[in-house]
Amino acid sequence: MYAQMIKTASDGVKSRDEMSPEESAFQDKIDNDIKIEPRDWMPEDYRRTLIRQIGQHAHSEIVGQLPEGNWITRAPTLERKAILLAKVQDEAGHGLYLYCAAETLGVSRDELTEMLLDGRMKYSSIFNYPTLNWADIGAVGWLVDGAAIMNQVPLQRTSYGPYSRAMIRICKEESFHQRQGYDIMMKMAKGTPEQKKMAQDALNRFWYPSLMMFGPSDKDSVHSAQSMAWKIKINTNDELRQKFVDQTVPQAEYLGLTVPDENLKWNDEKGGYDFSEPDWSEFFAVIKGNGPCNRERMNARVKAWEDGAWVREGLLAHAEKKAARKVAAE
Amino acid sequence: MAVDQGKLLEFLLRMGDNTLVLGHRVSEWCGHAPVLEEDIALANTALDLIGQTQFWLGYAAEVQGEGRTADDLAFLRDAWDFRNVLLVELPNGDFGQTLMRQFLFDAWSSIILDRLTASSDPRVAEIAGKAAKEAAYHVERSSDTVIGLGDGTEESHKRMQAALDYLYPYVGELFESDAVDAAMTEEGIAPDPASLRADYNALVGKVLAEATLRLPEGAYSHNGGRTGRMHTEHLGHMLTQMQWLQRAYPGAAW
């Protein structure tokens, strides 16, 4: 889940009596699963909330290239290197679709980028954790992409047409990403003692940060109700987290790895696992900029943007000259 | 007369090491490009080059006949065994230098691959057939970028000219020949490198003219990569990173 803690731009869910005729007609469409398209009327708060959500998702794809890129030059075989390159390329592509979806709401990619670089917009907390050994690349695919899929599959049905269509495309690629991550974990977990140690180490470090990807507990999640009424959020944070744990624990068992949670236990009554909550104070620290890699990630993005200014200006200047020459020739 | 397998191996290593080393260099950009479309394009280029490496080095390992794989050749040889031209191991520098290096390589690659599709060795012809399509796209893209930045702002022009001045002395090595090339030419496996020069000059000349860039004076040419006589200092550093896991955990499967 790449959008966390999205602040809904409203004061709470309006009752039908409080809605204007336009708002009421809008809500009817949503309730009847009719997609909202860019030219349709929409409440300003819906538009602003979606910009935040899609923007944060897009930024996460872009920043998410960095922890994986950290291992491209050290990938241990040609095939692993090719797969990782393809995956990171897909992620940049996802960023591109999502920025395009956000642009249909009246904000440019450059504006969104500037908001990321000056800290007004966020990206998923997960990308502020380091990738320290090769199994981390497996864990990112297995756990991080696994958690992202858990959220994004329902978002294929989200109410905003361009976002929903971007999600459909993205989900297809994400399931391939998750499979390749699990495949790395299999190799490592069944490999030499050192490889198994890397796999366990990766799971130890990525388990709780992956659980945090779903956002704070429902009881502390103040922005959900309106977003759910608008169908830009489909499930609650806790529902998705439970589903993720239930799916992932048997996979860890199959790998012969230990989930780092002493309280993890199957609960027959609820038909799911009981598990420990992540340390939410750590989550809020990461969101505030104090995660292990926040500064490195932002510095890398700022440097890429600043170092690239001459390239963007150069290509723009050339395009303008070319257009001018074409006009002059006509 | 049977083809000298040692010379064929040498030729295949030259092809595969070029794409391996350049693919690695380009992959270093991941997540750091000036604009999102370039991040995608650079990753795509690196991916194509690594894919070509798998074919060239895979065939090389078969010809060598010692039960090794493409991965063994990529990850377990030392710098003196590498047969890539020096051009591709040079550092990325700024985006302009990376794209100029790419263009100077793509122009050569698109021409030689096209010729190799008619190789008397069916495996070489087959690999070249696949790679030629990618190379044609790469050269189109890198030409456009060299033109765009050469004929862009004063600063982009200056940077592209500096990149060309630095890199052009490494171009000559692509067209040198030795006994390996003579044997490949003789057997119809590969063209004489020198025979590609006229097409190369025409292509590069046209793009540089449009980019308002000029070739540096003097015909000096660095060499030593494709024969393995002497690489630059840069290659060893690249290998320490590229080969680290394979070297630190010998025999592990990944």
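Order of the sequence lines fixes the chain letters, A, B, ..., with proteins taken first and strands second; residue numbering starts at 1 for each chain.
- Among the residues in residues 75-83 of chain B, those with a non-hydrogen atom closer than 4.5 angstrom to a non-hydrogen atom of chain A are F75(B).
- The minimum heavy-atom distance between V107(A) and A102(A), with the atom names listed, is CG1-O, 3.4 Å.
- Annotation: maximal heavy-atom pairing with chain B below 4.5 Å, among T113(A), L96(A), N70(A), occurs at L96(A).
- In terms of heavy-atom pairs under 4.5 Å with chain A, the best-connected choice from D151(B), D71(B), I50(B) is D151(B).
- At a 4.5 Å heavy-atom cutoff, the contact between L20(B) and chain A is made by side-chain atoms alone.
- Of the two parts of I62(A), only the side chain, counted from C-beta on, holds a non-hydrogen atom closer than 4.5 Å to a non-hydrogen atom of chain B.
- Residues S110(B) and L203(B) come closest through the heavy atom pair OG-CD2, 4.2 Å.
- Between D72(B) and L57(B) there is no side-chain heavy-atom pair separated by less than 4.5 Å.
- With a 4.5 angstrom heavy-atom cutoff, R159(B) touches chain A only via side-chain atoms.
- Within the cation-pi definition used here (under 6.0 Å to the ring centroid, within 45° of the axis), R312(A) qualifies as a partner of W305(A).
- For the side chain to side chain contact (heavy atoms under 4.5 Å, CB included) test with L49(B), the passing option among H24(B), Q102(B), R25(B) is Q102(B); the others fail.
- Counting heavy-atom pairs closer than 4.5 Å to chain B, the top residue among A82(A), G64(A), G95(A), A300(A) is A82(A).
- Of all heavy-atom pairs between S156(B) and G314(A), the closest is OG-CA, 3.8 Å.
- In this structure, a donor-acceptor pair under 3.5 Å is present between the side chains of T232(B) and E89(B).
- A75(A) touches chain B through its backbone: at least one of N, CA, C or O sits under 4.5 Å from a heavy atom, while the side chain does not.
- The two atoms that bring E313(A) and T153(B) nearest to each other are O-CG2, 3.7 Å, heavy atoms only.
- With a 4.5 Å cut-off on non-hydrogen atoms, W310(A) touches chain B through its backbone and its side chain both.
- Only the side chain of Q246(B) comes within contact range of chain A, judged by heavy atoms closer than 4.5 Å.
- Interface check for chain B: of the options E91(A), K187(A), M186(A), E194(A), the most heavy-atom pairs under 4.5 Å are formed by K187(A).
- Of the listed residues (A41(B), G152(B), A43(B), C30(B)), the one with the most heavy-atom contacts under 4.5 Å to chain A is G152(B).
- Residues K122(A) and H59(A) form no side-chain contact, since every pair of their non-hydrogen atoms from C-beta on lies 4.5 Å or further apart.
- Between chain A and the options D94(B), T53(B), L47(B), heavy-atom pairs under 4.5 Å are most frequent for L47(B).
- Of the two parts of A74(B), only the side chain, counted from C-beta on, holds a non-hydrogen atom closer than 4.5 Å to a non-hydrogen atom of chain A.
- With respect to chain B, the highest number of heavy-atom pairs below 4.5 Å among E306(A), R80(A), Q195(A), R301(A) belongs to Q195(A).
- Aromatic ring pairs are classed by plane angle as parallel below 30°, tilted from 30° to 60° and perpendicular above 60°; the pair W244(B) and W71(A) is tilted.
- Between F105(B) and W108(B), the ring-plane angle classifies as tilted under the 30° and 60° cut-offs.
- With a 4.5 angstrom heavy-atom cutoff, R74(A) touches chain B via backbone and side-chain atoms both.
- Put simply, of H157(B), Q54(B), E154(B), M238(B), the one with the most heavy-atom pairs under 4.5 Å next to chain A is Q54(B).
- By number of non-hydrogen pairs under 4.5 angstrom with chain B, the leading residue of G191(A), A86(A), A92(A) is A92(A).
- Side-chain contact between R141(B) and E38(B): present, with at least one pair of heavy atoms (C-beta onward) separated by less than 4.5 Å.
- Residue T192(A) touches chain B through its side chain alone, counting heavy-atom pairs closer than 4.5 Å.
- Here K87(A) pairs with D145(A) in a salt bridge; the nearest charged N to carboxylate O distance falls below 4.0 Å.
- With a threshold of 4.5 angstrom between heavy atoms, V311(A) approaches chain B through its backbone and through its side chain.
- For the pair A147(A) and S210(A), the tightest heavy-atom approach, listed with the atom from each and the gap, is CB-O, 4.3 Å.
- Between Q97(B) and N92(B), every side-chain heavy-atom pair lies at or beyond the 4.5 Å cut-off.
- With a 4.5 angstrom heavy-atom cutoff, L66(A) touches chain B only via side-chain atoms.
- With no hydrogens or angles considered, no side-chain donor-acceptor pair links W142(A) and Q178(A) at under 3.5 Å.
- E79(A) touches chain B through backbone and side chain together, each having a heavy atom under 4.5 Å away.
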